[in-house]
Structure formats: C-alpha cells, structure tokens
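Chain naming here is simple, since letters A, B, ... match the order of the sequence lines and numbering starts at 1 in each.
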Amino acid sequence: MRIVTWNVNSIRARLDRALDWVDAQQPDVLCLQEIKCLDEQFPREPFLERGYAIETFGQKTYNGVAILSRLPMRDVRRALPWDQDKDARGISALIEDVRVVNLYVVNGKEVGDPKYLHKLAWLDALQAWLEAEHGPDELLCLCGDYNIAPEDIDVYDPRRWKEKILCSTPERQRYQRLLDWGLFDAFRQLDDRPGQYSWWDTRTGGFDRGDGLRIDHLLVSRDLMEAAQQVFIDVDERAREHETCKPSDHAPVVLDLEG
DNA sequence: ATGGCAAATATCATTTGA
C-alpha cells in the first residue's frame, strides 16, 4: 500500500499537477492538506475517473483536508474530537485495517503569538485524543502537515531558525511526545540524511536556494513501521515545470508498505 | 527587523500561510 501526504496549497489551483502526479506515482491513499475549498467545490470527477473514493472536510478559503483512496474507506470521521475550533484540519478513515488520520496542524505564525499558543493547545488535544481513543498496538498512520521541523537536521539553517516558529522547543517536545507514545517518524527511521526537506519559502526563493524544512510527516505505529519498505520526499514534483500550474510550496511525502 | 511570493475573496486591497 502506498500512502502519501501532500499539502497542495489549493486543490483547484493545483489540479493539473496533482492529476499528473497521481498518474505517475499511483498512490493508493492520498492525504491532502490546504485544499482551500468547500466540499462541493472539490474537483471530484477527474479523481473518480481514476478510481479514487473521495472524502473531504473543507471550508471556504483556508485549511481543509481530504483523503482520496483506491481502497474502500470505512468509518470516516471529520471535525475530529480535538478540533474544537471551526477550522477544518482533521479527517480520518479506516482503510483495510489501517486507521489513517490526515492532519493539518496549526501554523502558529510566530512564537508567543496567540496563534502559537493555539497551536500548542491543539497539539495537546491531539495527544489526549490519541491516548484516550487509540493504542500503539493498533495499525495507525497519522500523517500530514505538522508545521514542525523535528530536529536541526531537518532545517537548512538551524542557527537562523533557533527557537523560531516550526522549530521551537515546545513544538518539538509535542512532536517527540507522539513518538514517545509509540509512533515512528517513518521517513527518519529509514533515512538519516540531513537536508531532506518537504517545504520551501516561496517568498525568499527558498527552493532554488536549497533552503527548506522537513515539516510534513508520516507517523506510524510499530507494526506499520515494520511493514515500511521505503519513504521518500518527491522533490521532483516541486522542481517540475508545468505549463499551466505552479507548484505548491510543499512536496509530497510517499510511504510504501508491503502488502 | 524586514521583505519577499501565492491563493482566495467579490478584489483592485486584504488576510493568511510557514
């Protein structure tokens, strides 16, 4: 099973690229963040034609998440229990025996900002929900845009980013707490190279400069980790020129599981 | 500290992202 997480930064603005990429990479499960549209605005037809079932949790203008799957989805959940605000940031489905949770974690804007405090509280609520509703012996995949670079090797210039948003100690502690509970950062388990990034700042031309951060993650429970064959960040998608369609500021992250 | 780019909205200016 191939599971992918990708912050597309508007599915409507990214449609042509997303379809080309799906045709080339053939994900079984595609978790999208920042679809930036209402459920009824999601471009369903071209994905249905390709054999995908589509479950969305959208909202106007901002945020919004979706799971597309070639395998049947059961027990789909939206507005996950920890998501007490109005933002559409979480959707989950049972696919085969895997509980797939697709997350768009609060950005936080700046350390100390009210939005940053909201980010920490949101992550605390996610942790509490996980501990109350699930166990590390289940088949779990919590993937998405975490808006956290877990370690300095995930940051192009750690000194510049020291204790900044996406890299601050309280954010990293909350990420680590998910791992301590029993989840594994699938990419980092299989690839110890620094300089592997999934997001680049468009405003500073970050991609062309190689200035990126690894903030999109697939966190999996032990039994799924043991089934993991490879994980890669598809930087080629970000680099590709396209006639009509600019790239997202994020690259897809791909996890292949045996079976 | 600032600015840079991109997307959406009823837009020609503002908000948000990370």
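For DNA chain B, the neighbouring residues in residues 241-250 of chain A, judged by any heavy atom under 4.0 Å, are A:Lys246, A:His250.
Residue A:Asp211 contributes atom CG, which lies 17 Å from atom P of B:dG4 at whole-angstrom precision. The distance between atom CZ of A:Arg14 and atom C1' of B:dA6, rounded to the nearest whole Å, is 8 Å. For the pair A:Arg12 CZ and B:dA6 C1', the computed distance is 14 Å after rounding to whole Å. Rounded to whole Å, the distance from OH on A:Tyr116 to P on B:dG17 is 16 Å. As rounded to whole Å, 11 Å separates atom P of B:dA8 from atom CD1 of A:Ile11. Atom CD of A:Glu34 is separated from atom P of B:dT16 by 13 Å (rounded to the nearest Å).
With DNA chain B read from its 5' end, the first of the two nearest nucleotides for A:Ser10 and A:Tyr62 is the one closest to A:Ser10. The nearest heavy atom of DNA chain B to A:Ile165 and to A:Lys60 marks one nucleotide each, and the one closer to the 5' end goes with A:Lys60.
A ring-centre distance under 6.0 Å is found for A:His134 and A:Trp129.
The side chain of A:Lys115 places an N or O atom within less than 4.0 Å of a non-bridging phosphate oxygen (OP1 or OP2) of B:dG17.
Using the six-membered ring where Trp is involved, A:His217 and A:Tyr146 have ring planes that are tilted, between 30° and 60° apart. Classification of the A:Phe42-A:Phe47 ring pair by plane angle, with boundaries at 30° and 60°, yields tilted.
Cation-pi geometry between A:Arg78 and A:Phe57 is not met: the NZ or CZ atom fails to fall both under 6.0 Å from the ring centre and inside 45° of the normal.
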